[in-house]
Amino acid sequence: MPIMPWRHRDVAESFGVDPERYDRTRPPYPDALIARVAAPEVLDVGCGTGIEARQLRAAGSRVLGVEPDERMAAFARAGGIEVEVATFEAWDPAGRVFDAVVAGQAWHWVAPVAGAAKAGDVLRAGGRFAAFWHVPQLPEEVAAVYAWPGTAFDPRNAVAGYQPMFDLTADGLRRAGAFEEPEEWRFEWERAYRRDEWLDLMPTQGGLTRLPADALARVLDAVGAAIDAQGGTITVPYTTVAVTSVRR
């Protein structure tokens, strides 16, 4: 992942090439996390296809999504989520305020200080900000073949590799000046994937979304062979990490 991913809009807006696949393959968020961030009025930044928005709606929240990619926004709208198309930095809240601002797998595409300041502007006092990410830890035999020339994705980093992104988010909240000291919440879980399920998910990952078809095919073939060598199924431990704070 780039050191300052929010400056790489070409990558940020590459996920909408296949929103149906994205929504079908990307895992939902732990129920315990959703329960902690659900609130009456929620703003979902970078809502994508609406995965966490639907979960929050099921928990009783009214959700407004902000999404820069019209293709992703259209998919979310088809699922009943209200979405406005804009980057968060350029989005006009038109005086609206919310009880929670959340971002699932998306906040690293937002400038951390400007984004935190804007989140503070649209949160009611006592409202919660929470940005969260899934971090998978693949079996070493499978992770090894992800280190492919031309890709930025290295799943062997696991949580430690993602930590600079979490730290940037927390630092942005501190520098915005409107929030209490940030916290990290961690939720551990795992999921078993058949070979075809994992290969179906892979093209939605940021290091692979812009690969030429022949290069992507080589990566999929290598990973598929590695999963076959594990008996055709892998169990992937996940840590879902939330960086969160409350508006003063």
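These numbers come from the heavy atoms of this one structure, side chains and all, not from hydrogens, waters or symmetry mates. Count residues from 1 along the sequence.
We find that Arg191 and Glu197 are not joined by a salt bridge, their nearest charged nitrogen and carboxylate oxygen being 4.0 Å or further apart. The pair Arg77-Glu70 meets the salt-bridge criterion, with a side-chain N (NZ, NE, NH1 or NH2) lying under 4.0 Å from an Asp/Glu carboxylate O.
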query: Does the side chain to side chain contact (heavy atoms under 4.5 Å, CB included) test come out yes or no for Asp200 and Arg21, once each step is laid out?
result: CA-CA 7 Å; Asp200 196 25; Arg21 180 195 296 265; 2.7 Å; yes

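A 4.5 Å side-chain heavy-atom check between Arg71 and Val17 finds at least one atom pair inside the cut-off. Looking only at side-chain heavy atoms (C-beta outward), Arg247 and Phe98 stay at 4.5 Å or farther from each other. Taking 4.5 Å as the limit, some side-chain heavy atom of Gln105 sits within range of a side-chain heavy atom of His134.
Evaluated for a ring-ring contact (aromatic ring centres under 6.0 Å, His included) with Tyr29, the options Trp133, Phe132, Phe187 yield exactly one hit, Phe132. When each of Ile81, Val45, Val42, Leu43 is paired with Leu64, the side-chain contact (heavy atoms from CB on, under 4.5 Å) condition holds for Leu43 and for no other.
No donor-acceptor pair closer than 3.5 Å links the side chain of Thr235 to the backbone N or O of Ala192. A donor-acceptor pair under 3.5 Å is formed between the side chain of Thr244 and the backbone N or O of Phe129.
Residue Val113 is not grouped with residue Leu173 when hydrophobic side chains (ILVMFWY) are merged at heavy-atom distances under 4.5 angstrom, including chains of intermediate members. The hydrophobic clustering, which links ILVMFWY residues whose side-chain heavy atoms are closer than 4.5 Å, places Leu216 and Ile227 together. Neither Val246 nor Ile34 shares a network with the other; the hydrophobic side chains, linked directly or stepwise wherever heavy atoms of I, L, V, M, F, W or Y lie under 4.5 Å apart, form separate groups for each. By the criterion of side-chain heavy atoms lying less than 4.5 angstrom apart, applied directly or through intervening Ile, Leu, Val, Met, Phe, Trp or Tyr residues, Ile51 is not grouped with Val83; the two fall into different hydrophobic clusters.
The number of heavy-atom neighbours closer than 6.0 Å to CZ of Arg62, taken from other residues, nucleotides and ligands shown, is 12 or below. Counting non-hydrogen atoms of neighbouring residues, nucleotides and ligands closer than 6.0 angstrom, the CZ atom of Arg175 reaches no more than 12 such neighbours. Heavy-atom neighbours of Asp31 CG from other residues, nucleotides or ligands within 6.0 Å: at or below the threshold of 12.
Nearest heavy atoms, Ala170 versus Val243: N-CG1, 3.9 Å. The two atoms that bring Leu56 and Ala38 nearest to each other are CD2-CA, 3.7 Å, heavy atoms only. Closest approach of Arg248 and Gly177 over heavy atoms only: NH1-O, 3.0 Å. In plain terms, the two heavy atoms of Glu67 and Cys47 that are nearest each other are OE1-N, 3.5 Å. Taking every heavy atom of both residues into account, Val145 and Ala226 meet most closely at CG2-CB, 4.3 Å. Residues Phe88 and Gly115 approach most closely at CE2-O, 3.4 Å, considering heavy atoms.
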